[in-house]
Protein chains: 2
Amino acid sequence: MAGKKASEPRTETGHGTDQSALVGLRQVAIAAGVSTATVSRAINTPHLVSPKLRERINEAIDRLGWVPDGTARALATKRSSTIGAVFPTLTHGDFARATTAIQQELQACGYTLLLACSDYDVEQEFRQIKKFIERGVDGLILVGENHHPDLARLLARRNVPTINTFVYSPDTHGTCIGPDNRKLFFDMTKYLIDMGHRVFAVVAQSVENNDRAEARLQGIQDALAQDGIAVRPQHFAIGQWSISEGRHLFRRVMTSEPRPTAVICGNPSLAVGAYLESLAMGLKVPDDVSIVGYDDIEVMSHLPVSLTTVRVQSEQVGRNAARYLVARLEGEDIEIPFQCDTEIVLRESSGPPPGNPATN
Amino acid sequence: MAGKKASEPRTETGHGTDQSALVGLRQVAIAAGVSTATVSRAINTPHLVSPKLRERINEAIDRLGWVPDGTARALATKRSSTIGAVFPTLTHGDFARATTAIQQELQACGYTLLLACSDYDVEQEFRQIKKFIERGVDGLILVGENHHPDLARLLARRNVPTINTFVYSPDTHGTCIGPDNRKLFFDMTKYLIDMGHRVFAVVAQSVENNDRAEARLQGIQDALAQDGIAVRPQHFAIGQWSISEGRHLFRRVMTSEPRPTAVICGNPSLAVGAYLESLAMGLKVPDDVSIVGYDDIEVMSHLPVSLTTVRVQSEQVGRNAARYLVARLEGEDIEIPFQCDTEIVLRESSGPPPGNPATN
DNA sequence: CAGATTTGTGTAAACGGTTACAAATAAGCG
DNA sequence: CGCTTATTTGTAACCGTTTACACAAATCTG
C-alpha cells in the first residue's frame, strides 16, 4: 500500500489524492474485469450476481480500497438516506436525549442525521428546513406543531415526510408523536387540587413559539377552572429557562399575597431553582409549599427533598419518530404509538397544603 | 390524520410531484431563454452574468419555484458543504453546548452538520466516520485524540481535514482544540495541596476510550507526586457518569480510612452527587471535606454550598473547531487559538482541611 | 431437441448540476 | 477602422452511481 513513488514524496504532506482520487466504480469494474453495472449490483443486490464474480469484485474492491460515493448514489437513486432534524436547542436534556435516540435509530437503519437548532425561532427553523430540503433529506423531524406558514406547502410540494415531536393532541391534524402536554399538566394540577390546594402559582418559561409549553399552561388552567379556581396574576411568573430564574420567580410568587400553597414549574431548571430558593428562604417543602416540575432530570430525585415531576420518555419519542420516518420511506405504513409514555412521578416535594394534613 | 383513502384524491394528498419534480436547472434555463450554464453562473457567480439576464433568470427561478439540488451540485463540485461531527454522547452538557455552537457556526458559513454519537466506542466511532466519508463530508470534528488505528490512514487517503476537540496538549501531533486537561487538574490539585490537603480521594468516570478523563487523572497524580503524595487505592473510585454513582462513590471513599479531606470529582454529575451525599451523611462542606468538580453546570453554583469546579468554554471549543475547518476548506490557513479558555471557579465547597483553619 | 423461460452481464442513458473551452459580442486603441 | 483584448454566453463533457433494456447463456419443457 505504501511505497507509491513520484519524485520525492519525502514526508507527510499527505496528498494521498494522487491515485486514490481516481478509484471509483469504474476502476473496480476494470480491475475485476466486469462492467460497472455488475459491480453496482454486487453491492446493492448481491443475489443477482454470480458467486464467482461477486467474489472477484469484492476482492477488487478492497484491494483498491474503494468507498462508494454517497453523493453520486444519492443523485442516481434520488434518495439520500438522510434525515434532517431541527430542534429548538440541544441544551435541554429532553432534546438531547431525543436527538441521541434518533441518531441511534437512524444509524441502525442506515440513515444519517442532519441536525440544526432553531433556538425557538420559526423563521430560523424554516430557513434550516429549506436548507435540509436542498440537501435532499428524505424526511424531517421537527419539534412542536406551529411552524412557518409556508412550511406545509413546501413539504407537500417536495413530498418530504415529516413528523412533529414532543407534541400530541387527540385532535391534531399532522403527524406527531409525544406527550399530551395539556393532559399531563391537567392531571398534575388535578392531583394537587385533590390534595386540597387552592392557591396556585405557576413558574414557567415563555410560551413564545412553544406550543408545548402553551399546552401545559392550558392544562393547568383547565384543571383549575373545573373547580372555579384561577391563577392570580401575581402568581403567574414567566421567565427564562434557568435555575437562577427559577429562584427569582419562586421568591417573587412566594412573597406575594395570598401565599400560594402549590407552585407548578414549567421545566426542570425552574423546578430545581424553585426548590433551592425555598431552601434559601427557609421554607419547608412540602409542608409550607408544594413544588412540582416537568421533565425528570436526575438531580430532582437526589435533592434533600426529592421533587415531584412529570416524566416524559424523550428517548422513546426520538426513537419512534425516527422509526416512523424510516418505515414510511421503506413503504411500510406503520402506526407507531403516537402518544408517548408519560408518568407523574410523585416524590417528596408535593403534599397537602399547610393546615390540611390529610386529605388523601 | 385519520380517514385517508385512495380513489378520490379530492383534497390535500399533496402529490405535488406532478410537475414540481420536473423543475430543474434545465427548465429554468428554458423559461429564461438562456443556457443551463448561464443559470448556473447566475446562481454561483452572479457578477459574471449581465444584469439583464440575471434579472430574467431570477424571475424565472422564483416563478418556477426552483430549488437547486444540493446532491447534484455536490457531485459536480466534489464539495458537499457538509461537516460531520462524532461525539461520545449528547447528554453531557459540554458536548451539547459544543454541538450547538458548531451547528450555529457552520450554518453561518453555509455548511450543514452531520451528527453521530459513538457512545465512547472507538469501533462505533470509526464506522460512523466511514459513513460520513461515504456521504462526502468536507471535514470532520471528533472528540479526543485516540481513535481507531486505521483512522489516520483513511483520513489521509481521502484527504479529509479533521479536528480533535476537547483535548489539547503542548506536545500533541494532530490538530486539536480544547483545554489542557492534564494541566487543568494539575492546577486544581495544586490549589488543594497549597491549602493544606494531604489525603485525596478521586471520584471519576471510567477512562476507557476517554483520553480527556485520563489526562485529568494524570494531572491529579502528577501534582500529588510533586509533594510525594499519592491517592490510596481505597480512595480511588471509578464509576459511571451519574449523580447516584457520585453518591455511592463518595460514601465509599469517605468511609474508608484514613478519611480524605479533599474529593476531586471527574465530572459535574459526580460532583453534585458527592455533595448531595455529604449532605445526607451530615458532613460539613468544606469544613469536613472539600469537594471539587469538573465542568461548570448551572446547579453547581446554586446548591446550598456552591461547588468549586473547572469551567471549560465548550461553546468556544465548538465554535472554533467549526471555524477552523471552514477556514481550512476555504483555503485560508488560519491559526485558531487551539487552547481554549478555562477557569478554576472557586466557590464554597473547597477550603482548608479540617484542623488547618488558615493556610491561605 | 426446438422453443420458452430463467438467470447473469453488459450497454448506455439518466440523475441535476458545474465548468473548461469555444464562440460571439462589446470595448479599447494607435 | 482593422486588430487586440475583455466580457458574455453557449456547447458539451463530466462528476460517480444506478438501472431500464437488450442480449447471451443456461435451464426447463413437452
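These numbers come from the heavy atoms of this one structure, side chains and all, not from hydrogens, waters or symmetry mates. Note on naming: letters A, B, ... go to the chains in the order of the sequence lines (proteins, then strands), and numbering restarts at 1 for each one.
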Examine [N]: is either OP1 or OP2 under 4.0 Å from a nitrogen or oxygen in the side chain of [X]? Give yes or no.
{"X": "A:Trp66", "N": "D:dG16", "result": "no"}
{"X": "B:Thr38", "N": "D:dT9", "result": "no"}
{"X": "B:Lys78", "N": "D:dG16", "result": "yes"}
{"X": "B:Ser50", "N": "D:dT9", "result": "yes"}

Exercise for the section: May I ask you to check whether over 12 heavy atoms, not counting those of A:Glu55, lie within 6.0 Å of atom CD? Expected result: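 Counting other residues, nucleotides and ligands, CD of A:Glu55 stays at 12 neighbours or fewer.
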Exercise for the section: Confirm from the modelled atom types if A:Arg73 and D:dG16 form a donor-acceptor pair under 3.5 Å, side chain to base only. Expected result: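 Result: no qualifying N/O pair found.
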Exercise for the section: Check if the side chain of B:Arg41 and the base of D:dG10 share a donor-acceptor pair of N or O atoms closer than 3.5 Å. Expected result: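 Between D:dG10 and B:Arg41, which were checked side chain against base, a qualifying N/O pair under 3.5 Å is present.
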Could you state the atom-to-atom distance from [atom1] of [X] to [atom2] of [N] in whole Å?
{"X": "B:Leu48", "N": "D:dG10", "atom1": "CG", "atom2": "C1'", "value": "14 Å"}
{"X": "A:Asp69", "N": "D:dT17", "atom1": "CG", "atom2": "P", "value": "5 Å"}
{"X": "A:Leu75", "N": "D:dC14", "atom1": "CG", "atom2": "C1'", "value": "12 Å"}

Practice task
Determine the contact category for B:Ser40: base if any of its heavy atoms lies under 4.0 Å from a base atom, sugar-phosphate if only primed atoms, P, OP1 or OP2 are that close, otherwise nothing.
Solution key: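 Touches a base.
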Practice task
Assign B:Val34 to base, sugar-phosphate, or nothing according to its heavy-atom contacts below 4.0 angstrom with the strands shown.
Solution key: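 The answer is sugar-phosphate, as B:Val34 gets under 4.0 Å only of primed atoms, P, OP1 or OP2.
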Problem - Side chains of B:Arg319 and B:Gln316, donor plus acceptor under 3.5 Å - result: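 No donor-acceptor contact under 3.5 Å links the two side chains.
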[X], nearest nucleotide to its side chain (from [options]):
{"X": "B:Thr77", "options": "C:dT18, D:dT17, D:dG10", "result": "C:dT18"}
{"X": "B:Thr36", "options": "D:dT19, D:dG16, C:dT18", "result": "C:dT18"}
{"X": "A:Leu53", "options": "D:dG16, C:dG17, C:dT9", "result": "C:dT9"}

Practice task
Specify the residue among B:Ala72 and B:Ala37 whose closest nucleotide of DNA chain D lies further upstream toward the 5′ end.
Solution key: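 It is B:Ala37, whose closest nucleotide lies nearer the 5' terminus.
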Handout entry: Earlier contact from the 5' end, DNA chain C, for A:Pro51 and B:Leu25
Key =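 The residue whose closest nucleotide sits nearer the 5' end is A:Pro51.
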